[in-house]
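Chain naming here is simple, since letters A, B, ... match the order of the sequence lines and numbering starts at 1 in each.
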There are 2 protein chains.
Amino acid sequence: MAERHSTLRARRRAQTQRTIQAHAIRLFSERGYDATTMNDVAEAAGVSPMTVYRHFPTKEDLVLVDQHGELIAERIAASPAGQPLVRRIGGALVDAAAALTGDDVAADRRFLLVRLQLMISTPALRARHLDNQYALQQAIIGALEGDAADPDAAFQAQAAASACLAALHTAMVHWAEDDGRADLPRLIGKALAAVFGDDVLGPAR
Amino acid sequence: MAERHSTLRARRRAQTQRTIQAHAIRLFSERGYDATTMNDVAEAAGVSPMTVYRHFPTKEDLVLVDQHGELIAERIAASPAGQPLVRRIGGALVDAAAALTGDDVAADRRFLLVRLQLMISTPALRARHLDNQYALQQAIIGALEGDAADPDAAFQAQAAASACLAALHTAMVHWAEDDGRADLPRLIGKALAAVFGDDVLGPAR
DNA sequence: ACCTACTTGGTAGTCTCTATCACGGTGGTA
DNA sequence: TACCACCGTGATAGAGACTACCAAGTAGGT
């Protein structure tokens, strides 16, 4: 088993990865994203530019981390098919947000907030982020498999998913502008209610 | 009046601009967006690379043209404030789509369709396009000025606008996948109805 | 005919990202 | 302990998207 070396080597790898990203986010926040070159990041992290590219294929990947995408899709696939689409999708989004901003991950929450503010204010990052959300939308539609036969149901699923993700985006922007003081899951619920009505997530909440 | 020269010079400028863009779209469709360089476009159009950059600041601008953005915003600002938000926004989107795909602009419609298919299938273009839609969303929110005082109304406006644009995107993707055979304004109405209910655009339609 | 302003072309450079090769330390094995 | 395969890192060269900066030609109005 040559794959059982995951103790020291993998830990060092994860460590340098965190170091590089931390320095990158700091520099981006201080000088701005466009005014910071990959060489600057490498120099600040104490590694060669090659190493930066090895861990983060593109400059945007230093800020944008696909977080919990497939977890959301799995949760939607596991939700009861009898419920309305919006409730299945919205519930998963609220739960994922709760996992990302819970009190047990306060440090990660600050980091997430800074990256989110960078994403919103930098055109290149914002564009990539929106495309990632589009990919998440495709994954969500794929998770609602049962309706591939009916083209009309597929249209419904696509409309519901894209509207839910639009609500998610609205909530995230407000959360970032509020500097993370508000409760993100609650904001998402509010945005969903603003579009679909107050009873979207069910009376149980 | 040094600005009254808009006869020959402006026409030549518009002509080269159209030539460059036409060759670019053709090459992108034939070889793929990433496999086509700006030098290829310049050579095909018979101009220098400098001239291409002069007319289209970025490679993405060769495909993405901000069409009718401010027109939509103006129409929303002029719509009666008493109507529900979704109806004001959705109505403007349907009308803009009708203007873009009407029978009197069949050639433009083919061109729009090709560019849309390129946008959807190319990650870089898709990302930029989604960011342009985000900018349009901001413009729409700005057009609904009356509610800047109430933060809750602002939240409502943002949620409504982003959901409407999500529906627009859903409709555009379906239209492109259908190769433009369907009626785009009708598709937008269908997507809006899928999210908000059948009576979104009012009984008058 | 003259002068201004707009359009175009050329050169050199920066920055992101890729391909290829070489070096050194890790982890397992004889 | 000595050997070897492998992984992480580094240096170099290069393509491609852009951005100054400067030179030349041509349309506009006086």
K.L.:
Does anything in residues 127-136 of chain B pair up under side-chain hydrogen bond (donor to acceptor under 3.5 Å, both in side chains), and if so which pairs, sequence neighbours excluded?
P.N.:
R126(A)-D131(B), E60(B)-R128(B)
K.L.:
Among dT9(D), dT7(C), dT18(C), which is the nearest nucleotide to the side chain of R13(A)?
P.N.:
dT9(D)
K.L.:
Using a heavy-atom cut-off of under 4.0 Å over every strand shown, decide if P57(B) touches base, sugar-phosphate, or nothing.
P.N.:
sugar-phosphate
K.L.:
Specify the angle, to 10°, made by the local axes at the two ends of the helix from dT4(C)-dA27(D) to dA30(C)-dT1(D) when five pairs are taken at each end.
P.N.:
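Taking the rotation axis at each end, their angle is 10°.
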K.L.:
Can you list, in residue-number order, the parts of residues 15-41 of chain A that come under 4.0 Å of DNA chain D, counting heavy atoms only?
P.N.:
T16(A)
K.L.:
Kindly write out the residues that satisfy ring pair (Phe, Tyr, Trp, His ring centres under 6.0 Å) with F155(B), not counting sequence neighbours, or none if the list is empty.
P.N.:
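F155(B) satisfies ring pair (Phe, Tyr, Trp, His ring centres under 6.0 Å) with H174(A) once adjacent residues are dropped.
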K.L.:
Could you go through the side-chain contact (heavy atoms from CB on, under 4.5 Å) check for T36(B) and V41(B) one step at a time?
P.N.:
CA-CA 7 Å; T36(B) 307; V41(B) 173; 4.1 Å; yes
K.L.:
Does H55(B) place a side-chain N or O at less than 4.0 Å from the phosphate oxygens OP1/OP2 of dT7(C)?
P.N.:
no
K.L.:
Please identify each residue that fulfils salt bridge (charged side-chain N to carboxylate O under 4.0 Å, His left out) with R186(B), with sequence neighbours left out.
P.N.:
D183(B)
K.L.:
Which donor-acceptor pairs under 3.5 Å do side chains of residues 102-115 of chain B form with protein atoms, sequence neighbours excluded?
P.N.:
from    : atom 1 : to      : atom 2 : distance (Å)
R109(B) : NH1    : T101(B) : O      : 3.0
R115(B) : NH1    : V63(B)  : O      : 3.4

K.L.:
Considering only heavy atoms and no angle criterion, is a donor-acceptor pair shorter than 3.5 Å present between the side chain of R54(B) and the base of dG9(C)?
P.N.:
yes
K.L.:
Tell me, please, whether Y53(B) has K59(B) positioned over its six-membered ring: NZ or CZ under 6.0 Å from the ring centre and within 45 degrees of its axis?
P.N.:
no
